[in-house]
Amino acid sequence: MSNVISEDIERVLFTEEQIETRCKELAAQIEADYDDRGITPIVVGLLKGSVPFMAELIKYFRHPIEIDFMSVSSYAGTTSVGDVKINKDTDLSAKGKHVLIVEDIVDTGRTLAEVRKLFINKGAADVKIVSLLDKPDRRVVDIQADYNGFTVPNEFVVGYGLDYNQCYRNLPYIGVLKPEIYE
Ligand code: PRP
């Protein structure tokens, strides 16, 4: 890894400006769906990858929302759905609420499938998902975000919350990592 993290990026997929524009579009689309039903959703960010995306997205909501965070991790080596560990649960109760889960990326889909099930079991009235990125080539579980920012190829993408070994989350754009960094 270089001392300047941008030097480890092979190419930029989505610039900061493109991400901001897409966040505005997503927020307008989401709000229109909730406003039509007069709903104040709880917007739940899955730590840590969702943080930059969630911070950008919620700036463009014009109506009241509540925010919360959750941290989950898959048990190492599992290949089936049904194995997610809650490291930090939401502070707010989801019972009877409309939950909007915020993710940075849907990869195999295991995390979202489990988290969605968790909120349904908590008695949420409705669970929707917004993800900044979708990597459909890697999908194992048949799940799709209700709202998706961009579709990415099956490459090692970092930045805007996405990490490699906990690094690169603070890059203000999405880029492909140079293979020599992780090979
Ligand atoms: C990453 C990412 C998603 C999940 C997607 O989280 O943020 O939550 O993996 O993968 P899946 O679709 O295969 O389940 P990670 O556990 O690396 O935590 P992080 O958000 O702290 O990076």
Would you call D89-K122 a salt bridge at under 4.0 Å N-O?
yes
Please answer: with hydrophobic residues joined when any side-chain heavy atoms are less than 4.5 Å apart, are L112 and V84 in the same cluster?
yes
E114 (side chain) donor-acceptor with T111 (main chain) under 3.5 angstrom:
no
Rounded to the nearest 0.5 Å, the CZ atom of F69 sits from the CG atom of L92 at a distance of 11.0 Å
Would you say that I9 contacts V158 through its side chain, given a criterion of any heavy-atom pair below 4.5 Å between the two side chains?
yes
As an exercise, state the distance from CG of L177 to CG of L162, rounded to the nearest 0.5 Å.
11.0 Å
If I compare all heavy atoms of F53 with all of S131, which pair ends up nearest, and what's the gap?
CE2-C, 3.9 Å
Counting N and O atoms only, with roles assigned by atom type, does the side chain of R110 sit under 3.5 Å from a partner on the main chain of V141, one being a donor and the other an acceptor?
no
Examine the side chains of S73 and N87 and answer whether a donor and an acceptor come within less than 3.5 Å of each other.
yes
Between the side chains of Y160 and N170, does any donor sit under 3.5 Å from an acceptor?
no
So, does R139 use its side chain to make a donor-acceptor pair with the main chain of T108 at under 3.5 Å?
no
Please work out whether the ring planes of F14 and F150 are parallel, tilted or perpendicular, with thresholds of 30° and 60°.
parallel
Assess whether atom CG of N154 is packed by more than 12 heavy atoms of other residues, nucleotides or ligands within 6.0 Å.
yes
Give the cluster check for I105 versus V176: same hydrophobic cluster or not, with ILVMFWY residues linked at side-chain heavy-atom distances below 4.5 Å.
yes
In terms of heavy-atom contacts, Y60 and E31 come closest through O-OE1, 4.3 Å
Between the main-chain N or O of D91 and the side-chain N or O of D68, is there a donor-acceptor pair closer than 3.5 Å?
yes
The reported gap from OG1 in T40 to CD1 in I65 (rounded to nearest 0.5 angstrom) is 9.5 Å
Closer than 3.5 angstrom, by distance alone: can the side chain of K128 be matched with the main-chain N or O of V99 as a donor-acceptor pair?
no
Can you find a heavy atom in the side chain of I181 that is under 4.5 Å from one in the side chain of K178?
yes
According to a hydrophobic-cluster definition based on side-chain heavy atoms being under 4.5 Å apart (Ile, Leu, Val, Met, Phe, Trp, Tyr only), do I174 and L26 belong together?
yes
Contact summary for E56 and C23, nearest pair of heavy atoms
CG-SG, 3.5 Å
When you compare the side chain of I129 with that of I143, does any pair of heavy atoms fall below 4.5 Å?
yes
Would you say Y168 and D8 are linked by a side-chain donor-acceptor pair, where the criterion is simply a distance under 3.5 Å?
yes
Thinking salt bridges, do R11 and E155 make one under a 4.0 Å N-O criterion?
yes
Least distance between heavy atoms, V44 atom then M54 atom
C-SD, 4.3 Å
Smallest heavy-atom separation, Y173 atom then E16 atom, equals CB-N, 4.1 Å
Can you tell me how far CD1 of I58 sits from CD1 of I30, rounded to the nearest 0.5 angstrom?
11.5 Å
I would like to know whether M1 and Y182 meet side-chain contact (heavy atoms from CB on, under 4.5 Å); could you show each step before the answer?
CA-CA 9 Å; M1 191 173 82; Y182 55 88; over 6 Å; no
Got a second to check how far D33's CG is from L100's CG, nearest 0.5 Å?
10.0 Å
Would you say CD of Q29 has more than 12 non-hydrogen atoms from neighbouring residues, nucleotides or ligands within 6.0 angstrom?
yes
With the side chain counted from C-beta on, respond yes when T90 and I42 share a heavy-atom pair under 4.5 Å apart, and no when they do not.
no
May I ask you to test the M70-L118 pair for a side-chain heavy-atom distance under 4.5 Å?
yes
May I ask you to test the Q18-T15 pair for a side-chain heavy-atom distance under 4.5 Å?
yes
Would you sort out whether E7 and S2 count as a side-chain hydrogen bond (donor to acceptor under 3.5 Å, both in side chains), showing the intermediate values?
CA-CA 7 Å; E7 290 175 2; S2 126; 3.0 Å; yes
Checking side-chain contact (heavy atoms from CB on, under 4.5 Å) for the pair L46/I101: CA distance, chi angles, key distance, verdict?
CA-CA 7 Å; L46 296 191; I101 300 168; 3.9 Å; yes
Does V152 belong to the same Ile/Leu/Val/Met/Phe/Trp/Tyr cluster as Y164, with side-chain heavy atoms less than 4.5 Å apart forming each link?
no
For residues T151 and P136, determine if any side-chain heavy atom of one lies less than 4.5 Å from a side-chain heavy atom of the other.
yes
Identify the heavy atoms of K97 and E66 that sit nearest to each other, and give their distance.
NZ-OE1, 2.9 Å
At what distance, to the nearest 0.5 angstrom, does CG of L132 lie from CG of L57?
9.5 Å
